[in-house]
Engineer: 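Structure provided below as structure tokens; questions to follow.
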Protein chains: 2
Amino acid sequence: MDKLDERKLKILQAIIRNYLETGEPVGSRTISKYTDLNLSSATIRNEMSDLEELGYIVQPHTSAGRIPSDKGYRLYVDTMMSDKIQEVEDMKEVLLEKADKMETLLKQVAKLLAVNTNYATMVTSPQYRSRKVKFIQLTGVDEEQLLAIIVIEGNIVKNKMIDLRDPVSAEIILKMNLILNTFLQGLDPSEINLQIIKKIRDQVGGYFDLISDILDEITQAINEEEDIQTYMSGTSNIFKYPELGDMQKASELLYALEDKKELSEFIAGTTGVADEAGIQVYIGTETPMEAMRDCSVVTATYQIEEGVFGKVGIIGPKRMDYEKVVGTLQTLITQLDDIFKKKT
Amino acid sequence: MDKLDERKLKILQAIIRNYLETGEPVGSRTISKYTDLNLSSATIRNEMSDLEELGYIVQPHTSAGRIPSDKGYRLYVDTMMSDKIQEVEDMKEVLLEKADKMETLLKQVAKLLAVNTNYATMVTSPQYRSRKVKFIQLTGVDEEQLLAIIVIEGNIVKNKMIDLRDPVSAEIILKMNLILNTFLQGLDPSEINLQIIKKIRDQVGGYFDLISDILDEITQAINEEEDIQTYMSGTSNIFKYPELGDMQKASELLYALEDKKELSEFIAGTTGVADEAGIQVYIGTETPMEAMRDCSVVTATYQIEEGVFGKVGIIGPKRMDYEKVVGTLQTLITQLDDIFKKKT
DNA sequence: GTTAGCACTCCACATCATCGAGTGCTAACA
DNA sequence: TGTTAGCACTCGATGATGTGGAGTGCTAAC
């Protein structure tokens, strides 16, 4: 039913392109000149009337030009976007310079993207699927404290300080190290059950309180909500787009962006992989967040290693430059891949 | 020269109080009714005229009421603020619940403050003055990687992964541990010089490359810009205050807030302790940041232990409720103190 | 099927008048 | 000398009004 003929497609594309650039409703005369169709404005008007009836464009009010509807944008990003390869400056170098630490790297990514695109960006820290203990190390720091280092599969390192009720000798610590590693290696938290705890206790012989403390801390460290951090940047960019910029909307939107929880859940949860590069586009009401009804969100997935991945999201007005955003994300993901591969 | 008599003070106070509440210029008639001075509006007008001449209040335009100037606010917070003790709900419990980790705790603090005050808040992570190595531990993770754990005075734990060019035996690792600790304990990075490196090398005998790698990572870990994190919350609150809320100003301000670097430098650098509780108030142009000329900033210092402290800042409109903010910060600081004391 | 022409719509913008809060000043009063 | 009532004046905020222009839809001619 929605079959659009060649000409309608061309006109729709022209409308969208133009609107993306100017942000103002586009009229029939503009299109008549803008395209190479050599049609008069009147003809265009007829076609536009059809396109409106089909729901691809809307009129903000009678006697204004047309702007794309969500449906129109959708068609555009799905089928009409030109794959112009982005000549984004090589981001890798900028990134590597600062890549001493994952956290810094991700912050840097968010910032870089924000500066490059002029939209708001967010990056979530990688989520680790596996939570198997790879390695545990207890070390006496001083008389009162024990440092527990837990390495989880994927080389995530966690440390916990454990308060000692009574001093513990170096031998005991060594012994515990051995025993803990023997029993816990390769387990994930759900597998650390009473039986295992009992075995450990038997082996150590005594120090019940201490063992409980230690095991508590270890399981806590592993489970630790794998604090999906979200790093944002460029939120103030939304002021650059008048259609988001009236007090009301801007404040709502910023408020929503600030509530990182909901947002990151949405972005992290964008599982359906739409695109070979894992890039997904959400237009207007396609996002689950009310405050974003006038926005579009583009997400991408970066992967650190098998099963360890995080998300990158760009939030902008519906009339965002999808080509550029998608292109930039593509190169970014590629370059991140390179970085992580080298690091491993 | 600026001696204000009792009556002028009372009037100024009334003006400020009123303006803090309403946010609108206050006229003479209002004051005449609002105060218990029993003076007619005409008299008030004369006094107001004087106050204006002295620079404590200004008129946005002829035939509008007066609003306090920065100087007026300053006088107010310095001498006229009532010390009404804030009956802030006990924040301790809320905080302790989540206080498993410093980072989470601080984020929580920022959020709590933002919700409580309806202003924008920021919290900087504690800064450690001393950088002395307390303790180093190398552990082989697998054939290719070595985990270095560095504990710095104040029990800051850092870890670094070190790629191994060739496998290293457990004995060697043990030996290195011993040697590294012998030579590096109690030193800060500036003291790790060539001489010491040479000594270490001599002792280990061989493994030159590895030792360089390890020492590199260690010094890097210690120096690591002690990433003064800043956690912000409630930035969208600024929309609640119309005087900050016009596009232009709001966007500037948000932009400035986003540039955490400058902001946190300012807030972290607020060294002069003005108040017995370490609370400082910056009004309007007293802040070093241009974008904040219409804002006030209140900062406080929390201390974790001797020499380890961080900052809390509240950013709001000049007509912020100073009493409440200062009060809230005071209780917050007290409660944080309690929390940290208990933890130690 | 396409186009020129035309009446019509509606927003954006500027102009204008009005209203009211608040001032400064003067003159009278205690 | 300090206080007050009265009054003219200022100036922003608000709303009504008018005008111009961009753009549409429709009709009739090509």
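Chain letters run A, B, ... following the sequence lines, proteins first and then strands; every chain starts at 1.
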Engineer: Using purine N1 to pyrimidine N3 plus N6-O4 or O6-N4 for Watson-Crick, or N1-O2 and O6-N3 for G-U wobble, both under 3.5 Å, which nucleotide pairs with dC30(D)?
Structural biologist: dG1(C)
Engineer: Would you tell me whether Y76(B) and R17(B) have side-chain atoms, one donor and one acceptor, within less than 3.5 Å of each other?
Structural biologist: yes
Engineer: Can you spot which of Y282(B), Y322(B), Y73(B) makes a side chain to side chain donor-acceptor pair (under 3.5 Å) with S296(B)?
Structural biologist: Y322(B)
Engineer: To the nearest Å, give me how far apart CD1 (I15(B)) and P (dG22(C)) are.
Structural biologist: 12 Å
Engineer: Would you say that more than 12 heavy atoms from the other residues, nucleotides or ligands in this model lie under 6.0 Å from the OH of Y34(A), or not?
Structural biologist: yes
Engineer: Under a plain distance cut-off of 3.5 Å, with no hydrogens placed, do T121(B) and Y231(B) share a side-chain donor-acceptor pair?
Structural biologist: no
Engineer: Under 4.0 Å between a side-chain N or O of S40(B) and OP1 or OP2 of dT4(D)?
Structural biologist: yes
Engineer: To the nearest angstrom, how far is R45(B) atom CZ from dT3(D) atom P?
Structural biologist: 14 Å
Engineer: Quick one: is dG20(C) close enough that its OP1 or OP2 comes under 4.0 Å of any side-chain N or O from S63(B)?
Structural biologist: no
Engineer: Any idea which of dA22(D), dA5(D), dG24(C) is nearest the E52(B) side chain?
Structural biologist: dG24(C)
Engineer: For dT24(D), take OP1 and OP2 only and decide whether either is under 4.0 Å from a side-chain N or O of R66(A).
Structural biologist: yes
Engineer: Rounded to the Å, how far apart are D5(B) CG and dT1(D) P?
Structural biologist: 16 Å
Engineer: Counting only side-chain nitrogens and oxygens, does R7(A) get under 4.0 Å of the OP1 or OP2 atom of dT2(C)?
Structural biologist: yes
Engineer: Roughly, in whole Å, what's the span from CD in E24(B) to P in dG12(D)?
Structural biologist: 15 Å
Engineer: Quick one: D50(A) CG to dG1(C) C1', roughly how many Å, whole number?
Structural biologist: 13 Å
Engineer: Tell me which of T43(B) and H61(B) sits closer to the 5' end of DNA chain D, going by the nucleotide each one is nearest to.
Structural biologist: T43(B)
Engineer: With a 4.0 Å cut-off on heavy atoms, is S28(A) in touch with a base, just the backbone sugar-phosphate, or nothing at all?
Structural biologist: sugar-phosphate
Engineer: Can you confirm whether the side chains of S28(A) and R45(A) place a donor and an acceptor under 3.5 Å from each other?
Structural biologist: yes
Engineer: Would you mind reading off the distance between E47(B) atom CD and dT23(C) atom P, rounded to a whole angstrom?
Structural biologist: 13 Å
Engineer: Taking atom P of dC26(D) as reference, at what distance in whole Å does atom CD1 of I44(A) sit?
Structural biologist: 17 Å
Engineer: What does dT24(D) pair with, Watson-Crick or G-U, if both distances are under 3.5 Å?
Structural biologist: dA7(C)
Engineer: Return the value, rounded to whole Å, for the distance between atom NZ of K8(A) and atom P of dG1(C).
Structural biologist: 10 Å
Engineer: Both distances under 3.5 Å, Watson-Crick or G-U wobble: report the partner of dG18(D), or none.
Structural biologist: dC13(C)
Engineer: Would you say a side-chain N or O of T62(A) is under 4.0 Å from OP1 or OP2 of dC10(C)?
Structural biologist: yes
Engineer: Taking any strand in view, what nucleotide pairs with dT3(D) in a Watson-Crick or G-U wobble way, both distances under 3.5 Å?
Structural biologist: dA28(C)
